[in-house]
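Okay, structure first, notes after.
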Amino acid sequence: MKLLMLKHLSVILLATCILQGCGESQVQTSSASADTEQHFEWKLVTSWPKNFPGLGRAPETFAKYVERMSNGRLKIKVYGAGEIVPGFEVFDAVSQGTAEMGHAAAYYWKGKVPAAQMFTAIPFGMNATEMNGWFHYGGGMELWREVYKPFGVIPFAGGNTGVQLAGWFKKPINSIEDLQGLKMRIPGLGGEVLKKVGGVPVALTGGELFTALQTGAIDATEWVGPYNDLAFGLYKAADYYYYTGWHEPGAALEFTVNEKAFNSLPDDLKAIIEVATQAVNQDMLDEYTARNNEAMQTLLTKYNVDMRPFPPDVVEKLKAASLAVMQEHAATDPLFAKVYKSYSEFQKNVTVYHKISEFEYYKNR
Ligand code: CA
């Protein structure tokens with residue numbers, strides 16, 4: 001009986017093959033074959049030096065994933081900061097279609113739309129795990145899409161550095177007064193908080209940091225953490241390396257896609273972009289988790305870097321200033337207020353659980 005059924009099945013299969021053709025090139029249906037014959041060549045501009053560890057490697061990995069998964073139907077060429085557009089013009093380039101994609105950090109666009117900053121980091125806000133939870137299961141991504149919609153840009157989470165460090169300082173910071181008049185490269189809301197306590201925030205892309213710090217154009221800079229700060233040689237330009245990263249507790253990066261270009265893709269290529277961004281979003285955090293500690297050991301043992309925590313009263317004052325900055329924005333900007341409400345509610349709720357899970361575990365292991 002079974003044999004008879006198999007025989008029947010093979011007859012049906014054979015008949016299907018004769019009618020439709022079973023050769024590899026003929027398997028596709030006519031509508032699918034029109035899509036799969038379409039090839040796309042895209043540009044992806046970034047705010048990073050080409051192939052920079054972590055940040056710059058992520059878009060390269062993304063482009064490789066997309067090319068392999070699409071069998072070469074979507075080829076994406078990655079450009080470092082300044083190759084096509086300067087690092088701070090990535091968003092405009094994607095919005096205008098100069099490049100189909102970008103990889104950068106949302107807080108660089110604060111001049112365009114202040115609410116964007118919260119998709120990178122809020123001082124004393126959420127860490128990497130919590131940010132990803134908010135983006136993908138807490139309504140954060142829907143808000144991010146809403147904020148970028150008027151610019152014809154679609155955002156995707158594009159990696160996370162984990163908790164950053166407070167940065168490199170030429171002089172020790174013993175009290176909040178030591179931050180007064182201090183010229184420091186610190187972007188986004190962290191920069192606004194520094195200003196609130198009397199400092200002078202300066203906006204510079206990564207590639208400009210070392211020279212600015214070494215020549216004394218700035219007194220201090222934050223960048224990312226040991227892995228990236230070692231790569232730029234910042235230890236050669238300042239003596240004191242402070243922690244913790246109060247200003248960027250889980251800085252998220254972003255992939256941006258020009259909306260028209262995205263909509264021109266067939267569904268499978270759209271899905272490939274979505275999945276590849278998710279893979280890279282996690283991969284970057286893994287890379288920082290593995291490399292930051294190694295780099296810190298190098299900074300401590302090979303270069304004798306003086307690493308210190310900020311004094312507790314400095315942290316308390318920065319925290320109070322952070323809250324004031326957030327409330328001021330929310331009071332005057334309805335879009336900012338909407339995103340901040342979603343963010344702060346998620347943070348409040350996730351903290352309740354993380355206090356008895358993550359925090360308790362760190363204390364005890
Ligand atoms: Ca940073």
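First listed ligand is number 1; within each ligand, the first listed atom is number 1.
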Cut-off 3.5 Å, side chains only: do H136 and Q278 have a donor facing an acceptor?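 No - no donor-acceptor pair under 3.5 Å links their side chains.
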Backbone or side chain, does W223 get an N/O/S atom under 3.0 Å to the Ca ion (ligand 1)?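 Yes - counting backbone and side chain alike, W223 has an N, O or S atom under 3.0 Å.
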With respect to the Ca ion (ligand 1), please indicate if T161 possesses an N, O or S atom at a distance under 3.0 Å.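 Within the cut-off used here (under 3.0 Å), T161 places no N, O or S atom near the Ca ion (ligand 1).
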In the structure I gave you, are the side-chain heavy atoms of P155 and R145 within less than 4.5 Å of one another anywhere?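 The answer is yes, as the side chains (C-beta and beyond) meet within the 4.5 Å cut-off.
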Among the N, O or S atoms of E248, which one sits nearest to the Ca ion (ligand 1)?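 Nearest N/O/S atom: OE2.
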Tell me which N, O or S atom of E222 sits nearest to the Ca ion (ligand 1).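 So the atom name we want here is OE1.
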Less than 4.0 Å between a side-chain N and a carboxylate O, is that true for K338 and E146?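 Salt bridge between E146 and K338, a charged N being under 4.0 Å from a carboxylate O: yes.
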Among L253, N292, L285, which residue satisfies the side-chain contact (heavy atoms from CB on, under 4.5 Å) criterion with T161?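 The single option meeting the side-chain contact (heavy atoms from CB on, under 4.5 Å) with T161 is L253.
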